[in-house]
4 protein chains.
Amino acid sequence: MPEQDLVYLAARMNVQSDTPSKKEAILKTTLDLIKDNGFHGTPISLIAKKAGVAAGTIYHYFPNKDAIIIELHKVIKEQMASAMFSEAGTKKEYKQQFFDGWMNLVRYFINNPSALIFIQQFNSSPFVKLASAGDTKASVNKFYEFFQAGMDKGYLKQMEYKLIAAAVFGCITSVANYHVGGRYNFKNEDLCKVANIMWDGIKYRSAKV
Amino acid sequence: MPEQDLVYLAARMNVQSDTPSKKEAILKTTLDLIKDNGFHGTPISLIAKKAGVAAGTIYHYFPNKDAIIIELHKVIKEQMASAMFSEAGTKKEYKQQFFDGWMNLVRYFINNPSALIFIQQFNSSPFVKLASAGDTKASVNKFYEFFQAGMDKGYLKQMEYKLIAAAVFGCITSVANYHVGGRYNFKNEDLCKVANIMWDGIKYRSAKV
Amino acid sequence: MPEQDLVYLAARMNVQSDTPSKKEAILKTTLDLIKDNGFHGTPISLIAKKAGVAAGTIYHYFPNKDAIIIELHKVIKEQMASAMFSEAGTKKEYKQQFFDGWMNLVRYFINNPSALIFIQQFNSSPFVKLASAGDTKASVNKFYEFFQAGMDKGYLKQMEYKLIAAAVFGCITSVANYHVGGRYNFKNEDLCKVANIMWDGIKYRSAKV
Amino acid sequence: MPEQDLVYLAARMNVQSDTPSKKEAILKTTLDLIKDNGFHGTPISLIAKKAGVAAGTIYHYFPNKDAIIIELHKVIKEQMASAMFSEAGTKKEYKQQFFDGWMNLVRYFINNPSALIFIQQFNSSPFVKLASAGDTKASVNKFYEFFQAGMDKGYLKQMEYKLIAAAVFGCITSVANYHVGGRYNFKNEDLCKVANIMWDGIKYRSAKV
DNA sequence: AATGAATGAGCGTTCATTCAT
DNA sequence: TATGAATGAACGCTCATTCAT
């Protein structure tokens, strides 16, 4: 079910209509094109053509090309948080929460390769500076809070939570990237193994739990 | 000594002269500019100006702009391998080799932020397709061989070596990126902690070694 | 009372309503915007926004953008004639009529800088060709008749009346422009001095009245 | 001999070559096109075509379109000063200097209608603000000095010299404009008559010389 | 080998105008 | 009447690449 989440989410952005709005079409098209061609290989004229709108129309919904990127970033970040913590409400063991979150996020990336590639391009482009200051603190915090809570409750090794976050997040995207890029076709149990690696690495005492 | 390695390596590429050749100047300049402006924010004219050559001259050394990127990628990949396994000749314990390699690579990235940013941009750009086929098998293999050997000798958990490679490499770049991007200023002991996480995660039995 | 005249005149264009009609609002807004931004710095979308109407509405009142310009030109030309000869009915000496007309027109421009700037832009733009043929003969004639009458009655030097008209009109706009453009802040007596220059220049015999 | 002066002047800008340089061709072409189409009716693409260069080439000589306008303005201002005071070195009576300067400038405009139209468009466009601060003080001063000197020596009526300057300059351009615009075909003696008007207007005592 | 003027396709963006509502 | 979303031609400008010198 590739890219399902994105379509679903996008559809919810416009409550009144069943047909996807122009704005959604533009966002979705841009994301797809970026996957294949990169930011700069994706001219407005191409977005317009593939989205079935006139080039000028894009400028009714976005002040400029960068704004499309920024908005895409925001949407995807929210989807990532949404995917990771989808069952967070249920009272599960911490370890289970970690495994579920891990697998959810990897699966999100594998099902939405455009999102993975976008996020990685974004994070290694001059855009990061524009966006990091801004809008997605909420979703980022959720991520950090989870690890902080794990340390506070004694499940995880004590350390700066950013260290764990960097390690875990880098690991997830890297694995997903191997898969998406076709370098290796990870099966579900493979993904579990990597989750195990990370859990064994970060849990409080190597011998227990 | 930031960016030292690159200069050094570059210098060795041209055996005959003590002064850096034009080709080296072009490569070095391009790398620096990409750090600040990204691939597409780095026009040939700017490279020419900063490198002190005419735009046309660049086309004596490279058939087109993409070729500069491809070559830079090759050079940096070699440097990374070189950095990781610099003391590999000495007979050390496997665990020590892992820690040394880990720290060496992180330090390489922290000392050569341009290289880190370049590699990440490269890996999330349409260029990957052009390059992965080609030239860097040797250095990549070294990386893989190390993990395969670890599994064969019983130091590491048994699994597809690409899984470990993806996890470890993704983790390293992510941590280095946090540091380089200024999101967190990791001290040496912080980096050790992350190495520990990974080692605890991948070693054969959590309780031993 | 800057720009008062225009509002007043505009209001009279629509006899039925006390509130300014949409057409008037469009004309007035366009004139104001042109003062600050020039013809081509004044897009229809901006006129619409500032005039409080939809862009499409403008096309109910004018066939295209040029037509707004043409109509503005006509309105302002009429205002200029109106301003110059406002007290013409009273029987005054010819010299006094000249001075009054002169001062009236300069004051009109100083009180309606938008009109001055518009007229000058118009006269030095490709629009002149479109307009001169057309609609404003009446007001132009009044201007010419005044000078012709002055020559016929022996008050002015004999010459092609267009020469005098060009000289006097060019002089007035130039002086008003210095003032409006902020290059010099002319007092009332200054303006009188320039009127005197022109009168001394054009009167029949230098020694007499 | 239309536009002769401009060609001549332009040729002198590039001392080494007999053939007009690209830069000169761009300037000259732009001036011609502006006469017929106005600033905004003169796209870069048209300038390029008529000047026989590629559009991109224009950007080797000027940073942007505005810069062409600014430079044209500077060149024309210098030509105007040059035209007016061409025989200023010879010791002539003040009145004669005035007449000569007057006639020279009118003739310059009549022979270079593009320059006249350009100057008028420029002076009634948002460009004025950019340029008035800047570069042409020298030529402007010459103009003012001449009138100031006339007052100091008792040849002219005492008043703020800007008043006289505004009156005289406005008069000249207006007259030339009538001629160039085809509204009236002034003969040489006509132009003399207007010069006489201005002289009679500004000279110290109406009865004397 | 080295230059840098010249090219022109292609970019992001604007805006006068249309038309379904 | 009035709207404003939609259009798409046209704009100013960039930049990888070429080539005469």
Side-chain angles (χ1 to χ4, degrees), chain A residues 21-23 25-26 39-49 51-69, chain B residues 21-23 25-26 39-49 51-69, chain C residues 21-23 25-26 39-49 51-69, chain D residues 21-23 25-26 39-49 51-69:
Chain A
S21 79
K22 296 239 159 88
K23 184 170 187 179
I26 293 163
F39 289 163
H40 295 277
T42 302
I44 288 283
S45 58
L46 187 59
I47 297 172
K49 199 164 83 181
V53 301
T57 302
I58 293 176
Y59 290 85
H60 277 291
Y61 297 101
F62 303 94
N64 51 50
K65 196 188 175 190
D66 283 10
I68 310 180
I69 306 301
Chain B
S21 80
K22 296 214 163 138
K23 186 169 186 179
I26 292 163
F39 288 164
H40 296 275
T42 303
I44 289 281
S45 57
L46 186 58
I47 296 172
K49 200 167 82 180
V53 301
T57 304
I58 293 177
Y59 287 84
H60 280 293
Y61 296 101
F62 303 93
N64 51 48
K65 195 187 175 188
D66 283 10
I68 309 179
I69 307 301
Chain C
S21 78
K22 296 213 163 139
K23 186 169 186 180
I26 293 163
F39 289 164
H40 295 276
T42 303
I44 289 282
S45 57
L46 186 59
I47 297 173
K49 199 167 84 181
V53 300
T57 303
I58 293 177
Y59 287 84
H60 281 294
Y61 295 102
F62 302 94
N64 52 49
K65 196 188 176 189
D66 283 10
I68 310 179
I69 306 301
Chain D
S21 79
K22 296 238 159 89
K23 185 169 187 181
I26 292 163
F39 289 163
H40 296 276
T42 303
I44 289 282
S45 57
L46 187 59
I47 297 173
K49 199 165 82 181
V53 301
T57 303
I58 293 176
Y59 291 86
H60 276 292
Y61 296 101
F62 303 94
N64 50 50
K65 196 188 175 190
D66 283 11
I68 310 180
I69 306 302

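Predicted, not measured: the structure shown is a model, and the values here were computed from it. To find a chain, count down the sequence lines: A is the first, B the second, and so on, and within it residues start at 1.
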How long is the line joining [atom1] of [X] and [atom2] of [N], in whole Å?
| X | N | atom1 | atom2 | result |
| --- | --- | --- | --- | --- |
| I69(B) | dA16(F) | CD1 | P | 10 Å |
| I26(C) | dA16(E) | CD1 | C1' | 15 Å |
| I47(B) | dG4(E) | CD1 | P | 17 Å |
| L46(B) | dG4(E) | CG | P | 16 Å |
| D66(B) | dA16(F) | CG | P | 10 Å |
| H40(B) | dC11(E) | NE2 | P | 12 Å |
| I44(B) | dA2(E) | CD1 | P | 16 Å |
| I68(C) | dT17(E) | CD1 | C1' | 12 Å |

If you only use heavy atoms from C-beta on, which nucleotide in dT18(F), dT18(E), dG12(E) is closest to the side chain of Y59(C)?
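Between dT18(F), dT18(E), dG12(E), the one nearest the side chain of Y59(C) would be dT18(E).
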
Between the protein and nucleotides 6-8 of chain F, are there any N/O to N/O pairs under 3.5 Å, and if so, what are the atom names and distances?
unit_1, atom_1, unit_2, atom_2, d
dA6(F), OP1, K22(A), NZ, 3.0
dA6(F), OP2, Y61(A), OH, 2.2
dA6(F), N7, H60(A), NE2, 2.8
dT7(F), OP2, A54(A), N, 3.0
dT7(F), OP2, T57(A), OG1, 2.5
dG8(F), N7, G56(A), N, 3.4

To the nearest 0.5 angstrom, please state how far the [atom1] atom of [X] sits from the [atom2] atom of [Y].
| X | Y | atom1 | atom2 | result |
| --- | --- | --- | --- | --- |
| I68(A) | F39(A) | CD1 | CZ | 11.5 Å |
| I44(C) | T57(C) | CD1 | OG1 | 11.5 Å |
| I58(C) | K65(C) | CD1 | NZ | 10.0 Å |

For N64(B) and F39(D), take the nucleotide of DNA chain F holding the closest heavy atom to each; which residue's nucleotide lies nearer the 5' end?
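In this pair, the answer is F39(D).
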
Quick check: closest heavy atoms across A54(D) and A48(D), and the distance to 0.1 Å?
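Closest pair (atom of A54(D), atom of A48(D), distance): C-CB, 3.9 Å.
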
Of all the heavy-atom pairs spanning P63(A) and A67(A), show the shortest one and how long it is.
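For P63(A) versus A67(A), the nearest heavy atoms are CD-CB, 3.6 Å.
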
Under the 3.5 angstrom rule, does the side chain of K22(C) hit a backbone N or O of G52(C) as a donor-acceptor pair?
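Side chain of K22(C) to backbone of G52(C): no pair is present.
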
With [X], which residues qualify under ring pair (Phe, Tyr, Trp, His ring centres under 6.0 Å), at least two apart?
| X | answer |
| --- | --- |
| F62(A) | none |
| Y61(D) | none |
| H60(A) | none |

DNA chain E: stems of at least 3 consecutive Watson-Crick or G-U pairs whose donor-acceptor distances fall under 3.5 Å:
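Expected stems, ordered by start: E:2-21 with F:2-21.
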
